[in-house]
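As a basis for the values below, the full set of heavy atoms in this structure was taken, side chains included, without hydrogen atoms, waters or symmetry mates. Computed from a predicted structure; not experimentally measured. We count residues from 1, following the sequence as given.
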Amino acid sequence: PAGLCRYVARYQRDGQLRPFIARALGVSFAVCVVACVLGIALSRPIAEFVYEDANQSSLVILLCLGALALMALNLFQGVLQGLRVYRINAVMLVTQSVGFAGLAAVLFTYRQPTALVGTSSFLVVSVFVTAVPIWMLWRSLRTETTGQPLATPKEMWSPLLAYSIGTWGSSALFSLWTWLDRYMLLHFDTLTSTECLQQLGTYHIVENVAGPLGALGAGWSVQVLAHTIHLWESG
């Protein structure tokens, strides 16, 4: 997504946005679909590795489908960010977080509070939210006039992958503590598998509710910081 955000404006300026998007998203979706199919085919061994319980294969299937939905959402958001549509991206993220928390709360109350229900809620909301950038991008590309031919695959993929790998590396380091935290909880804690999954579900719900609030706080601080500095410097 970061690579798309970085290079979309350049290809749009050159009149190559439509073939660039088709090639980049086509390859990205193909890779992720293959990984998703492999994950579904190997759901029981993965469930044993992740949850220490092969009977959790239904969760692994939803995990793979959720990863595919999130990948689509992030890629389309990367394209929209490259096109400088920041406000709509922010609204989509808030809608995803609040929608997941609301739908999960309703299903937990009127159905059953299980990890399977929570994961299903997240998948449904992610798919629904992803439809918005897909529609916006399709409407934008439909009216675009194509300019000169797209650069060769080597000229296109070399900078795109180099930039993306750099952002993946920094994001992986930033997210490492959450991976270790969850892995230790599942594999080294004395709680049962069900209790561990309940803890992880609580983590995720809290993060999704707190995330938009943190973003609003950060946006507010950006708006007032310059004025605060001016008042401080002027006594």
Side-chain angles (χ1 to χ4, degrees), residues 1-2 4-5 21 25 28-29 31-33 35-37 39-40 43 46-47 50-51 56-83 85-140 168 171 174-175 178-179 181-182 185-186 194 196-219:
L4 289 174
C5 179
I21 292 298
L25 292 185
S28 301
F29 278 118
V31 171
C32 200
V33 166
C36 180
V37 170
I40 292 174
S43 58
I46 293 176
V50 176
Y51 303 113
Q56 300 287 356
S57 57
S58 298
L59 266 180
V60 174
I61 293 174
L62 285 176
L63 173 70
C64 295
L65 296 175
L68 184 63
L70 279 180
M71 185 277 301
L73 176 62
N74 289 334
L75 284 175
F76 281 111
Q77 280 191 317
V79 173
L80 292 182
Q81 288 174 358
L83 297 175
V85 191
Y86 298 113
R87 184 176 301 176
I88 294 174
N89 267 330
V91 171
M92 285 164 48
L93 289 176
V94 172
T95 302
Q96 183 195 27
S97 298
V98 175
F100 161 66
L103 179 60
V106 170
L107 293 179
F108 285 165
T109 302
Y110 294 101
R111 224 175 139 190
Q112 51 184 348
T114 64
L116 202 62
V117 172
T119 310
S120 302
S121 303
F122 187 77
L123 176 60
V124 168
V125 173
S126 297
V127 171
F128 175 77
V129 174
T130 305
V132 176
I134 291 176
W135 174 74
M136 290 186 61
L137 187 60
W138 173 79
R139 189 180 64 172
S140 174
W168 292 340
S171 298
F174 181 77
S175 305
T178 59
W179 303 345
D181 180 38
R182 285 154 174 74
L185 179 63
L186 275 170
T194 300
C196 285
L197 288 177
Q198 288 175 345
Q199 292 289 331
L200 293 181
T202 303
Y203 279 14
H204 193 68
I205 291 174
V206 170
E207 287 175 351
N208 274 271
V209 172
L213 298 178
L216 289 173

Is there a side-chain contact (heavy atoms from CB on, under 4.5 Å) between L68 and V33 once you walk through the steps?
CA-CA 7 Å; L68 184 63; V33 166; 4.0 Å; yes
Would you mind reporting whether [Y] and [X] have side-chain heavy atoms less than 4.5 Å apart?
X: L62; Y: F122; result: no
X: L216; Y: V94; result: no
X: L73; Y: M92; result: yes
X: I40; Y: L65; result: yes

Who passes side chain to side chain donor-acceptor pair (under 3.5 Å) against S126, sequence neighbours left out?
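For S126, the residues satisfying side chain to side chain donor-acceptor pair (under 3.5 Å) (neighbours in sequence not counted) are Q96.
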Quick one: closest heavy-atom pair of [X] and [Y], and the distance?
X: A104; Y: S121; result: CA-OG, 3.7 Å
X: S43; Y: I61; result: CB-CG1, 4.1 Å
X: G39; Y: V60; result: O-CG1, 4.0 Å
X: F29; Y: A72; result: CE2-CB, 3.6 Å

Gap separating the [atom1] atom of [X] from the [atom2] atom of [Y], nearest 0.5 angstrom:
X: F76; Y: I134; atom1: CZ; atom2: CD1; value: 4.0 Å
X: L103; Y: S120; atom1: CG; atom2: OG; value: 9.5 Å
X: Q199; Y: T202; atom1: CD; atom2: OG1; value: 5.5 Å
X: L116; Y: R111; atom1: CG; atom2: CZ; value: 8.0 Å
X: I46; Y: L59; atom1: CD1; atom2: CG; value: 12.5 Å
X: S28; Y: L75; atom1: OG; atom2: CG; value: 5.0 Å

Residues V79, I21; criterion side-chain contact (heavy atoms from CB on, under 4.5 Å); working and verdict:
CA-CA 8 Å; V79 173; I21 292 298; 3.7 Å; yes
